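Here the structure is a predicted model, which is why all the values come from computation and not from measurement. In this chain, numbering begins with 1 at the start of the sequence shown.
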Amino acid sequence: MNDYKTLTPAISVAGQLQPDDMKALAEAGFHTVINNRPDGEGEDQPTSDALAGAAAEAGLQYHYLPIIPGEISDEQIQRFGQLLTDNRAPVMAFCRTGNRSSTLWALSQSSRLDPQTVLATTSAAGYDLEKQRPRLEQRWQQGQNADAARRSPANDWDVLIIGGGAGGLAAAASLLKRRPSLNVAVVEPRDTHYYQPAWTLVGAGAFRRRDTARPMTQVMPRGSKWIRARVAGFDPERNQVILDDGDRLGYRALIVAPGLELNLDAVEGLRDSLGHNGVTSNYLFEHAPYTWECVQNLKHGRALFTQPPMPIKCAGAPQKALYLSCHHWEQRGVLKNIDVHFHNAGEALFGVADFVPPLMEYIRRYNATLNFRSTLQAVDAGHRKAWFVDRDQDGNAREREESFDLLHVTPPQKAPAFVADSPLANNAGWVDLDPASLQHPRFTNVFALGDVAGTSNAKTAAAVRKQAPVLAENLLSVLDGRSPGAAYDGYGACPLTVEKGKVILAEFGYQGVLQPTFPLAPTQARSLYWWLKAKAMPRIYFDLMLKGHEWLTGPAK
Ligand code: FAD
Ligand code: UQ1
């Protein structure tokens, strides 16, 4: 392969590449290739189609943006900048010699980088772009003017946080604890903050719903400013977020924490069915009490509990609803009259193998039938019918109709659209992040935590409790011009409420490594942990975690 020149960690440029080079590029860590040389310019030049095919085979994104020498239009510059924003870095751009690609890079960055910096960068890579100076100067000036017009002193923040949920507020509290002078704002459209982990208990009559909601004003960490608005997009090149009314907010560092979206519309009929004829869900504040109502009323019949494809928040919650309902029916002596089914889109009862045997004991005790690879597709509350697609081990699909008297649905879940469609997202739509530092790989002043994070930990408030101090340390390092030094180990916890009064506390990190907090056998169901979940945890959450008191968590270095 030709020598290539690295302009920044996110982009390198090269002369003509061959299809055979693609594999080596992928092995060198590149994710994206941009071809700036028009087809047919040289004699033995490979076609763009041939290069695209080889790139695809090597697992690289490929884009063709042909440039005639000396004729770079503003539109092409804009398109090149967009490609850099939209595609995963590092990017390799090439033409005949690399000159056009480096010129495109220089011009595409010129509204946010001053001409001196741009020219020094290209010159260090061996490209003399001095004759572009007037155009660079002009674009830089235009960029400065546009920025000045957009900015006002009221909307520039040291740290801007998107979302006033568990992640956003814990991060704000941990930052302000370390540096009270920091200028921090939280953008959050709702006036109510919800403690979602207790909704499982609400669905079992073991917690009052109203105690899971607090006015946003009460939980906003002291020293942070609440901006009541909804974010609609990101402009990380300009260090700005875009609100749904078109206004912009500027920042030095950004924390993305808007959680995830329940995708109710992915199951036909679900939106209209919820709350009627036994169709319920603990995943919604509105409906969690209806679960308890249905459970109390059911004396015989069929009860179905569903779990959608991963990732979902608190992956244990779908089966917690099953155990707590069954335990109630067992105590009332009616369990023998109720046919209980668990329909799980996945392949295993729980993602960490150590916890499967003790959970299976409860499945047997409650006489529940397990249906794996079985995904809810549609529901009709009026006729009390649900339709599932079941797949066998080879992936063959079969539709199956089931009747029910109670249907507890865990809705499919996805990354919020405004994140998935943004330059911050990974291929699956979550915020692209280094799993240890929680820093974005391309926009180094951007961090994320909580359910929106593109990390493989269990999406739980327990994870947030450990992520917030790590993120706070690393963000302050970046603001101070240093590299992140703190590391998150993937901790998450799932208190599996196997009986009303007993919990198996599953605590584990990346790759399912067990991380018990207490020196007790981790797979044992305990009443101590029920007390932790039902009584102590809400206080730990509101009085410690959301206030920056980092209990049992110190960021590893
Ligand atoms: P959230 O807490 O959901 O907060 C996101 C915030 O962002 C919201 O306030 C929202 O209004 C705001 N937002 C959304 N879009 C925008 C926008 N465009 N602009 C600005 N703001 C926006 N975890 C545990 O640790 N243990 C448990 O036992 C447990 N059980 C659970 C049981 C259930 C039924 C559920 C639903 C969850 C459970 N969880 C549990 C998971 C836990 O609640 C979440 O992991 C946690 O709340 C994630 O925090 P977050 O800040 O990422 O998201
Ligand atoms: C936890 O830290 C946490 O977040 C604050 C939860 O969500 C509310 C939990 O459910 C659990 C179990 C933990 C784990 C905490 C300890 C102290 C073991």
Side-chain angles (χ1 to χ4, degrees), residues 112-114 143-144 146-189 216-217 219-243 247-258 419 422-424 431 433-434 437-450 452-453 464 467-486 488 545-550 555:
R112 60 180 200 101
L113 291 180
D114 64 275
Q144 291 294 95
D147 268 2
R150 255 186 235 112
R151 273 166 195 232
S152 71
N155 72 8
D156 255 340
W157 301 93
D158 289 335
V159 183
L160 191 62
I161 301 179
I162 312 310
L169 297 188
S174 282
L175 278 168
L176 286 160
K177 176 189 155 207
R178 284 170 174 74
R179 199 168 290 178
S181 62
L182 216 56
N183 185 15
V184 177
V186 179
V187 188
E188 166 62 60
M216 199 58 76
T217 44
V219 290
M220 204 46 69
R222 201 181 299 262
S224 59
K225 156 95 177 154
W226 173 26
I227 299 175
R228 192 160 179 196
R230 184 178 296 279
V231 173
F234 299 92
D235 188 354
E237 300 277 353
R238 294 185 186 286
N239 294 329
Q240 292 176 340
V241 301
I242 305 153
L243 303 181
D247 268 5
R248 286 171 176 251
L249 299 172
Y251 57 80
R252 288 174 64 211
L254 177 70
I255 301 177
V256 186
V419 172
S422 82
L424 302 181
V431 179
L433 282 188
D434 178 272
S437 68
L438 305 175
Q439 181 188 38
H440 195 277
R442 279 170 287 147
F443 303 106
T444 50
N445 60 343
V446 176
F447 292 81
L449 81 167
V452 81
V464 166
Q467 290 169 339
V470 172
L471 187 152
E473 295 268 323
N474 288 342
L475 186 147
L476 291 175
S477 294
V478 167
L479 285 185
D480 294 345
R482 289 180 282 116
S483 296
Y488 165 60
M545 178 171 136
L546 297 196
K547 292 201 159 68
H549 304 300
E550 295 160 3

Minimum heavy-atom distance L479-A253, with the two atoms named
CD2-CB, 4.0 Å
Using side chain to side chain donor-acceptor pair (under 3.5 Å) as the criterion, list what pairs up with S437, not counting sequence neighbours.
D434
What one should report as the nearest heavy-atom pair of V419 and F234 is CG2-CE1, 4.1 Å
Is the closest side-chain heavy-atom distance between R178 and L476 below 4.5 Å?
yes
Check whether N474 reaches the backbone of G485 with its side chain - one donor and one acceptor, N or O, closer than 3.5 Å.
yes
Mind checking the CG-OG spacing from L175 to S224? Nearest 0.5 Å is all I need.
10.0 Å
Is any side-chain heavy atom of V478 less than 4.5 Å from a side-chain heavy atom of P484?
yes
Residues passing the side chain to side chain contact (heavy atoms under 4.5 Å, CB included) test with T217, sequence neighbours excluded, are P215, W226
My understanding is that only residues two or more places apart in sequence, or in another chain, count here; which of them pass side chain to side chain donor-acceptor pair (under 3.5 Å) with Q439?
none
Measure the shortest side-chain to side-chain distance between Q240 and L249 over non-hydrogen atoms and say whether it is less than 4.5 angstrom.
no
Is any side-chain heavy atom of Y488 closer than 4.5 Å to a side-chain heavy atom of L449?
no
Exercise answer: donor-acceptor pairs, residues 179-189 side-chain atoms, under 3.5 Å, sequence neighbours excluded:
residue : atom : partner : partner atom : Å
R179    : NH1  : D480    : OD1          : 3.1
R179    : NH2  : D480    : OD2          : 2.8
N183    : ND2  : D156    : O            : 3.4
E188    : OE1  : G164    : N            : 2.7
E188    : OE2  : R190    : N            : 2.9

Check: L424 main-chain N/O paired with H440 side-chain donor or acceptor under 3.5 Å
yes
Please report the interatomic distance OG(S422) to CG(D235), rounded to the nearest 0.5 Å.
11.0 Å
Answer yes or no: are there more than 12 heavy-atom neighbours, outside R222 itself, under 6.0 Å from its atom CZ?
no
Output all residues satisfying salt bridge (charged side-chain N to carboxylate O under 4.0 Å, His left out) with K177, sequence neighbours left out; order by chain, then residue number.
E550
Measuring from atom OG of S174 to atom NZ of K547, what distance do you get when rounded to the nearest 0.5 angstrom?
13.0 Å
Single hit among L475, N239, V446 for side chain to side chain contact (heavy atoms under 4.5 Å, CB included) with L254:
V446
Looking at CD1 of I162 and OH of Y251, how far apart are the two atoms once the value is rounded to the nearest 0.5 Å?
8.5 Å
One should read off an interatomic distance between R230 CZ and I242 CD1, to the nearest 0.5 angstrom, of 15.5 Å
Value for CD1 (I255) from CG (L471), rounded to nearest 0.5 Å, stands at 5.0 Å
Intermediate values then yes/no, side chain to side chain contact (heavy atoms under 4.5 Å, CB included), M545 and V464:
CA-CA 9 Å; M545 178 171 136; V464 166; 3.5 Å; yes
Would Q467 and L438 count as a side chain to side chain contact (heavy atoms under 4.5 Å, CB included) here? Give the steps.
CA-CA 8 Å; Q467 290 169 339; L438 305 175; 3.8 Å; yes
Less than 4.5 Å apart, any side-chain heavy atom of L169 and any of P221?
yes
Taking only residues at least two apart or on different chains, which pairs with a member in residues 158-172 satisfy salt bridge (Lys or Arg N to Asp or Glu O under 4.0 Å)?
D158-R252
